[in-house]
Structures are given as structure tokens and as C-alpha cells.
Amino acid sequence: MGKKAIVFSCPHSTPEYPNDRADWLGQLIVDEKPDYVIDLGDSADMNSLNSFDTKNPKAIMSKNYQADIENHIDFQERIRAPLAKRKKKRPKFYGFEGNHEHRIKTAIAHDPRLEGVKYGISFSHLKTNKFYDEYFGYKNGAPQIKEIDGVLYAHWMGAYRPLSGMNHGRTLIQKRLQSCTVGHSHLRNVSFEDSAGAIGLVAGCFKGGDESWAGQANEGWWRGVVIKHNIENGMYDPEFVSLKELERKYG
């Protein structure tokens with residue numbers, strides 16, 4: 001009997017939307033009893049450090065670093081709150097740094113004067129040591145890749161820039177030659193190569209609302225989580241649970 005995991009990506013927690021979906025995810029984790037939970041990154045949106053808004057004073061005024069951090073902490077705590085009420089062993093939590101969390105490091109690199117745990121900005125404010133048993137940050141300017149039970153996980157994979165395309169899942173297998181799971185694009189895509197014992201999975205997103213900058217792209221984003229059943233040597237049975245279904249069941 002293989003292992004079970006719950007995988008999600010790109011919640012983009014932000015003060016602009018409520019964190020109710022974190023409560024629903026926490027209840028799902030309790031009900032499904034996975035061996036581990038994988039957060040593929042962009043859990044914190046960090047819109048206050050969005051460099052694209054630098055020429056839009058109105059947009060800048062609506063952003064606040066402290067509010068971004070507090071909303072992220074609330075999101076993570078609400079996922080784990082149902083588990084705290086159980087006396088049974090909780091699943092292991094793996095976390096991956098996404099490009100939105102990486103905005104903190106980028107801002108500090110551009111202006112080191114901003115850095116400070118007490119009065120400045122700091123990656124430690126995300127409390128990754130508290131929320132994750134293992135956390136994988138950027139390495140050499142790109143998301144770090146971690147193999148778990150024969151599956152490679154990362155926020156995105158590629159050389160210099162993320163792989164993408166209409167057959168993203170298949171491309172992942174062709175490039176890495178084994179099962180891979182990524183997030184980042186907000187799209188859902190899966191490719192099965194049973195003869196090679198590999199699955200390429202793009203896990204969609206777990207966002208709470210649309211993005212004003214994305215236009216029609218919002219319509220193509222799949223919102224939900226993936227339950228991986230019977231994980232063994234990189235193969236598994238995927239179950240897609242939409243955000244709407246989570247709300248119907250737990251909302």
C-alpha cells in the first residue's frame with residue numbers, strides 16, 4: 001500500500017480575499033489523513049512588494065507589507081487548526097518557495113537597507129520553520145527541486161524560466177525523465193506515461209479570487225487541491241478536488 005499526499009499550489013493569500021478556503025483545506029486534511037502535505041509555493045502573495053505597481057501611486061497606497069504577512073500567517077494557522085484538535089499523529093508538511101515569497105529576497109537584494117526582523121522586511125516573517133517540517137527555498141536563482149517517493153516537486157521547473165505549454169505535464173516528463181509535480185501557472189494539466197512509470201502534473205492553484213491584471217486568463221485557471229493516493233515509486237492515483245467542492249462540503 002503506497003502513501004497518500006495532499007498537494008496544493010499558489011493560494012496567494014492576500015488581505016483582498018478571505019481565508020475561508022484554508023479552513024476547508026484543514027478539514028480535508030483531517031478527513032483524508034495523508035502521510036504528508038505539499039505546499040508548492042506562492043502561499044503568500046506579497047502584493048506590497050509587487051514591482052509592477054511602482055508607477056501606479058494608487059495601487060501602491062492600497063498595499064501594506066504588515067497586512068500581507070499577517071494574512072499569510074492567518075492562512076497557514078487556519079490550515080493547521082483542525083489538526084491541533086486531534087491527538088493522532090499529524091502529517092508531515094513540505095513547503096516550497098515560490099516567486100511571490102521570493103519577492104522579499106528580491107526587495108532586500110535591491111535595497112539592503114530595507115532588511116530587518118523587527119522594523120524592516122525579512123523572509124523570517126513568513127515563519128517557514130514553524131509551519132513546515134521541511135522547506136525548500138530558491139537555489140541558484142530558481143526554485144529548489146525535491147524528490148519525495150519517486151516524484152520531483154518544485155514551484156516550477158525549467159532552465160532559466162518555467163516550462164509551460166499546452167502539454168506541460170508531458171514536457172516535464174520529457175525533460176526530467178521521471179514523475180514531476182509543479183504549480184506556478186495556475187493551470188491544471190496531467191500526462192500519464194505508464195510504460196515509463198511517470199506522471200507529469202501541473203497542480204492548478206488554490207486562489208481565493210480573480211486577478212484584475214490577468215483578464216481572460218482567470219477563466220483558464222483551475223482552483224483546487226490534488227489528493228495523491230497509493231504513491232509508490234513515482235506512480236499514484238490522482239484525485240482532483242475543486243475549490244467549489246471543498247466549499248460545498250466544508251463551507
Side-chain angles (χ1 to χ4, degrees), residues 3-14 17 19-30 32-46 68-84 90-105 123-139 142-149 151-157 162 180-188 201-208 221-228 231 236 238-243 246:
K3 294 182 180 179
K4 181 190 288 190
I6 291 179
V7 181
F8 66 97
S9 181
C10 304
H12 288 273
S13 61
T14 169
Y17 297 106
N19 283 336
D20 294 352
R21 65 197 185 284
D23 300 326
W24 309 334
L25 176 55
Q27 290 295 331
L28 179 72
I29 293 171
V30 168
E32 290 292 331
K33 302 178 179 61
D35 296 286
Y36 47 88
V37 177
I38 295 181
D39 176 348
L40 287 170
D42 281 0
S43 281
D45 190 78
M46 299 312 302
D68 282 349
I69 293 295
E70 289 177 349
N71 189 271
H72 165 74
I73 299 301
D74 176 68
F75 184 87
Q76 296 294 339
E77 289 179 341
R78 288 169 72 163
I79 291 176
R80 293 158 179 78
L83 292 168
R90 78 181 189 100
K92 189 170 185 177
F93 278 80
Y94 294 98
F96 290 80
E97 180 180 342
N99 52 291
H100 279 253
E101 288 95 356
H102 195 65
R103 285 175 171 177
I104 297 175
K105 296 178 181 178
F123 200 84
S124 66
H125 291 158
L126 297 177
K127 298 186 178 181
T128 57
N129 291 337
K130 172 183 177 181
F131 294 125
Y132 304 101
D133 297 286
E134 291 189 57
Y135 190 80
F136 305 96
Y138 266 42
K139 183 178 181 179
Q144 194 171 165
I145 299 173
K146 170 67 176 179
E147 181 174 345
I148 306 171
D149 291 323
V151 181
L152 297 178
Y153 292 92
H155 183 63
W156 57 261
M157 296 182 193
C180 302
T181 298
V182 300
H184 183 64
S185 72
H186 302 175
L187 303 175
R188 174 174 59 168
L201 174 66
V202 185
C205 66
F206 198 52
K207 288 178 60 62
W221 295 345
W222 182 78
R223 293 169 168 83
V225 304
V226 183
I227 305 174
K228 293 186 174 184
I231 307 169
Y236 53 87
E239 177 185 356
F240 295 91
V241 185
S242 69
L243 188 58
L246 287 176

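Numbers here simply count residues along the sequence, with the first being 1. Worth knowing before you read on, the calculation uses all heavy atoms, side chains too, and leaves out hydrogens, waters and symmetry mates.
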Practice item. Answer yes or no: is there a side-chain heavy-atom contact under 4.5 Å between Asp45 and Asp68? Key: no

Practice item. Would you please indicate yes or no on a ring centroid separation below 6.0 angstrom for Phe131 and Phe93? Key: no

Practice item. Go through the steps to decide whether Val225 and Val7 satisfy the test side-chain contact (heavy atoms from CB on, under 4.5 Å), and finish with yes or no. Key: CA-CA 6 Å; Val225 304; Val7 181; over 6 Å; no

Exercise for review: Kindly compute the distance separating CG (Leu40) from NE2 (His184), expressed to the nearest 0.5 Å.
Suggested key: 12.0 Å

Revision key, fill the gap. CG of Asp39 to OG1 of Thr128, rounded to nearest 0.5 Å, is 11.0 Å

Exercise for review: Over all heavy atoms of both residues, which pair between Val30 and Pro82 is shortest? Give the atoms and the distance, please.
Suggested key: CG2-CB, 3.6 Å

Review point. Are side-chain heavy atoms of Tyr153 and Tyr94 found at a separation under 4.5 Å?
Key: no

Revision key, fill the gap. Rounding to 0.5 Å, atoms CG (Asn129) and CD (Glu134) come to a distance of 12.0 Å

Review point. Do the numbers put Lys146 on top of the ring of Phe136, so that NZ or CZ is under 6.0 Å from the six-membered ring centre and no more than 45° off the axis?
Key: no

Review point. So, for His72 and His100, is the gap between ring centers shorter than 6.0 Å?
Key: no

Point to revise | Heavy-atom side-chain proximity of Lys130 to Arg80 below 4.5 angstrom | key: no

Check your understanding: Knowing that exactly one of Lys105, Lys139, His155 qualifies, which makes a side-chain hydrogen bond (donor to acceptor under 3.5 Å, both in side chains) with Glu97?
Key -> Lys105

Review point. Looking only at side chains, do Tyr36 and Asp149 share a donor and an acceptor under 3.5 Å apart?
Key: yes

Practice item. Please work out which of the three classes, parallel, tilted or perpendicular, describes the rings of Phe75 and Phe206, given edges at 30° and 60°. Key: perpendicular

Review point. Side chains of Asn19 and Pro11: does their closest heavy-atom pair fall under 4.5 Å?
Key: no

Review point. Is the shortest heavy-atom distance from the side chain of Leu201 to the side chain of Lys228 under 4.5 Å?
Key: yes

Point to revise | Glu101 (side chain) donor-acceptor with Ala44 (main chain) under 3.5 angstrom | key: yes

**Study point:** Inter-residue atom distance Leu187.CG - Cys10.SG, 0.5 Å rounding
**Key:** 10.0 Å

Point to revise | Trp156 side, atom CH2; Phe96 side, atom CZ - distance, nearest 0.5 Å | key: 14.0 Å

Check your understanding: Using 4.0 Å as the upper bound for N to carboxylate O, is an ion pair formed by Asp42 and Lys207?
Key -> no

Exercise for review: Find out whether Trp222 and Val202 are in side-chain contact, i.e. whether some heavy atom of one side chain is under 4.5 Å from a heavy atom of the other.
Suggested key: no

Check your understanding: Any idea which heavy atoms bring Pro91 and Pro34 closest together, and the distance?
Key -> CB-O, 3.2 Å

Review point. Should Ile79 and Gln76 be marked as a side-chain contact (heavy atoms from CB on, under 4.5 Å) after you check the CA-CA gap, both sets of side-chain angles, and the distance that decides it?
Key: CA-CA 5 Å; Ile79 291 176; Gln76 296 294 339; 4.2 Å; yes

Check your understanding: Does the cation-pi check pass for Arg103 over Tyr138, that is, NZ or CZ under 6.0 Å from the six-membered ring centre and within 45° of its axis?
Key -> no

Review point. Quick one: does Ile6's side chain get under 4.5 Å of Val241's, heavy atoms only?
Key: no

Review point. Counting N and O atoms only, with roles assigned by atom type, does the side chain of Ser13 sit under 3.5 Å from a partner on the main chain of Ser43, one being a donor and the other an acceptor?
Key: yes

Exercise for review: Flag the pair Lys127 and Glu77 as a salt bridge only when some basic side-chain nitrogen lies within less than 4.0 angstrom of an acidic carboxylate oxygen.
Suggested key: no

Check your understanding: Is a side-chain N or O of Arg21 found less than 3.5 angstrom from the main chain of Leu243, in a donor-acceptor match?
Key -> no

Check your understanding: Hey, are the side chains of Thr181 and Val226 touching, using non-hydrogen atoms and a 4.5 Å cut-off?
Key -> no

**Study point:** CG on Leu83 to CD1 on Ile29, rounded to 0.5 Å
**Key:** 6.0 Å

